[in-house]
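All values below were derived from every heavy atom in this structure, side-chain atoms included, with hydrogens, water molecules and symmetry-related copies excluded. Because the structure is a prediction, the values reported are computed rather than measured.
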Amino acid sequence: MERACVDLVLRRRRLEVEQCLDVAAHAPFSRCFLLRRSAAPKSYKFHTGETMAELKLHYTTVGEPGGQPVLVLHGTGGPGASMLSAAFAGELFGPGQPLDASKYYIIVPDSIGHGKSSKPSDGMTTGFPKYDYDDMVEAQYRLVTEGLGVKHLRLVIGNSMGGMHTWLWGEKYPKAMDALVPMASQPTEMASRNWMLRRIMLDTIRNDPGYAGGNYTSQPRMMKYAITAYGIASIGGTLAYQHQAPTAAKADKIVDERLAMPITADANDFVYQWESSRDYNASEKLEQIEASLLLINSADDERNPPETGITDAAMKRIKNGKLYLIPASTETRGHGTTSNAKFYAEHIRQLLQTAPQRTM
């Protein structure tokens, strides 16, 4: 089935529209109304004071604009399209599912620095403004309200980085939504092993002579080792890895396969993406959240370990908050568990059945 693909770019109050055909790729959702668009505010000011005359935010919509609006936010490094997988959208967006696209208008942006949105590799390289999560969330809000004209969301749901963004949405724009589902995240300061591993990964890339201060002519050689080490250390699940690699030979096979995979990320894009989490801290304004909130984490999440107790303490400060902790098993994948909605789809359905509907 062919679907229209429209790029919308706003420049100096003039709307330019380029149409093409998308014969692609999301066959499970071919019955849905799907547009890919790019909306660019006239200017955008970053938290550093830097500005861009044009900031492009690419996004995908699933469903009709008359449906109840839902904002879906992706994790670090992945484009919004990563949320259209069979494991996530295939469990949520189909007929009769919790976010049935015949009833909901699902908005899936590429955050700043990701996918087809503005990013360093577009040409500015290390001259691109240093963005953080607050910048990314503000740009998402402007896309939703100014670009799409949506004044109130039924739900904001996000995974990993998108989960942290979801916490910030609830604090910065408490009246903008009825319900929040942050996943694979905590509202607490980026710290402990979570930041330590990120810091080591980024320093490994920056200290590779091939990185050349961001002025490289080919991707730094050590980048794939840094990414592989971080990935194995912080995602996958303890029980799952023991099941998959109970011998040294099987463990070596997994490592060899990971290292053999091509690295498609641009080094500057990658560094900016992960560095943007450095000052994340949603713990200071939790009492400002008004929406019904369902936090979904996995018990084996390497980046957000429940045994610290800091998430339980934070949840007590939220007026209408609930935690669903997915039990660890050989089927879960640690921090990656929440990319598979089979573990929690019914919990989202229950939330939407009970969360009061509010208006702006």
Side-chain angles (χ1 to χ4, degrees), residues 47 70-76 83 109 111-112 131-141 144 153-199 234-235 273-326 334-339 343-344 347-348 351 355 358:
H47 76 286
V70 172
L71 182 66
V72 177
L73 302 173
H74 64 79
T76 309
M83 305 302 283
S111 287
I112 295 174
Y131 60 85
D132 67 2
Y133 282 6
D134 280 327
D135 294 321
M136 299 162 94
V137 168
E138 182 180 340
Q140 294 159 5
Y141 179 77
V144 169
L153 294 158
R154 177 61 177 153
L155 171 69
V156 179
I157 179 172
N159 191 42
S160 190
M161 177 183 76
M164 291 184 272
H165 288 179
T166 301
W167 287 106
L168 294 176
W169 263 86
E171 296 177 354
K172 290 168 70 73
Y173 312 109
K175 298 185 183 300
M177 76 294 292
D178 297 329
L180 295 160
V181 179
M183 302 188 297
S185 63
Q186 297 178 138
T188 51
E189 183 175 355
M190 177 61 64
S192 189
R193 182 173 58 192
N194 196 353
W195 176 248
M196 291 175 188
L197 289 172
R198 293 169 189 242
R199 162 80 187 276
S234 72
I235 191 169
Q273 289 163 358
W274 290 92
E275 187 74 41
S276 67
S277 67
R278 176 66 183 87
D279 62 355
Y280 168 75
N281 186 0
S283 66
E284 297 176 357
K285 300 179 181 179
L286 291 173
E287 287 81 5
Q288 296 183 16
I289 295 174
E290 299 180 12
S292 300
L293 185 145
L294 172 64
L295 169 60
I296 302 175
N297 279 349
S298 180
D300 56 354
D301 188 331
E302 300 88 346
R303 303 181 199 177
N304 304 291
E307 59 267 27
T308 65
I310 59 175
T311 295
D312 289 335
M315 291 299 293
K316 293 176 182 178
R317 297 168 52 198
I318 301 168
K319 292 187 284 286
N320 301 302
K322 182 185 296 185
L323 167 65
Y324 173 54
L325 192 65
I326 302 167
H335 187 71
T337 301
T338 47
S339 64
F343 292 108
Y344 52 81
H347 291 266
I348 292 177
L351 174 70
R358 308 181 299 164

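Y131 places none of its side-chain heavy atoms less than 4.5 Å from the side chain of E275. Residues I289 and P174 have side chains not in contact (no heavy-atom distance under 4.5 Å, counting atoms from C-beta outward). Annotation: side chain of M183 is not in contact with side chain of S160 (no heavy-atom distance under 4.5 Å). L293 places a side-chain heavy atom less than 4.5 Å from the side chain of M315. A heavy-atom distance below 4.5 Å is found between the side chains of H347 and L294. Proximity of P182 to W169: side-chain heavy atoms (C-beta onward) are nowhere separated by under 4.5 Å. For the pair L155 and L180, the minimum side-chain heavy-atom distance is 4.5 Å or more. A heavy-atom distance below 4.5 Å is found between the side chains of L73 and T166.
For K172, the NZ atom sits in a packed shell: over 12 heavy atoms of surrounding residues, nucleotides or ligands are nearer than 6.0 Å. Environment of CZ in R317: crowded, with over 12 heavy atoms of neighbouring residues, nucleotides or ligands closer than 6.0 Å.
Donor-acceptor pairing under 3.5 Å is recorded for the side chains of N281 and S283. Donor-acceptor pairing under 3.5 Å is recorded for the side chains of H335 and D301. Residues W167 and Q186 bring no donor and acceptor atom of their side chains to less than 3.5 Å of each other. There is a side-chain donor-acceptor pair under 3.5 Å between N159 and T338.
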Exercise. Would S298 and D300 satisfy side chain to side chain donor-acceptor pair (under 3.5 Å), going step by step from the backbone distance to the final call?
Worked result: CA-CA 5 Å; S298 180; D300 56 354; 2.4 Å; yes

Exercise. Given the rule in the side chain to side chain contact (heavy atoms under 4.5 Å, CB included) test, do Y280 and E189 qualify, once you have shown the distances and angles that lead to the verdict?
Worked result: CA-CA 6 Å; Y280 168 75; E189 183 175 355; over 6 Å; no

Exercise. What's the verdict on side chain to side chain contact (heavy atoms under 4.5 Å, CB included) for T188 and T311, showing C-alpha distance, side-chain angles and the deciding distance?
Worked result: CA-CA 8 Å; T188 51; T311 295; 5.5 Å; no

For this session: Output, in order, the C-alpha distance, side-chain angles, deciding distance and verdict of side chain to side chain contact (heavy atoms under 4.5 Å, CB included) for L153 and D178.
Result: CA-CA 7 Å; L153 294 158; D178 297 329; over 6 Å; no

For this session: For the pair I157 and L71, evaluate side chain to side chain contact (heavy atoms under 4.5 Å, CB included) and give the outcome as yes or no after the intermediate values.
Result: CA-CA 6 Å; I157 179 172; L71 182 66; over 6 Å; no

For this session: Apply side chain to side chain donor-acceptor pair (under 3.5 Å) to D134 and H47, showing your working.
Result: CA-CA 8 Å; D134 280 327; H47 76 286; over 6 Å; no

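Without hydrogens or angle criteria, N297 side chain to Y324 main chain gives no donor-acceptor distance under 3.5 Å. A donor-acceptor pair under 3.5 Å links the side-chain atoms of K319 to the main chain of E287, judged by distance alone. Between the N320 side chain and the S292 main chain, no donor and acceptor come within less than 3.5 Å of each other. Side-chain atoms of R358 come within 3.5 Å of backbone N or O of M177 as a donor-acceptor pair. Between the side chain of R198 and the backbone N or O of S277 there is no donor-acceptor pair closer than 3.5 Å. Under the 3.5 Å distance criterion, the side-chain polar atoms of N304 are matched with a main-chain donor or acceptor of A184. Under a 3.5 Å cut-off, the side chain of H165 and the backbone N or O of M136 do not form any donor-acceptor pair.
Salt-bridge formation is detected for the pair K175/E290: a Lys NZ or Arg NE/NH1/NH2 atom is positioned less than 4.0 Å from an Asp or Glu carboxylate oxygen.
Taking CZ of R303 as the reference point, atom OG of S234 lies at 3.5 Å (rounded to 0.5 Å). Note that CD1 of I310 and OG of S192 are 7.5 Å apart. Values are rounded to the nearest 0.5 Å. For the atom pair CG (L295) and CD1 (I318), the distance works out to 7.5 Å, reported to the nearest 0.5 Å. Between the OG atom of S276 and the CE atom of M164 there is a distance of 8.5 Å, given to the nearest 0.5 Å.
For Q140 against S111, the heavy-atom pair with the smallest separation is NE2-OG, 2.9 Å.
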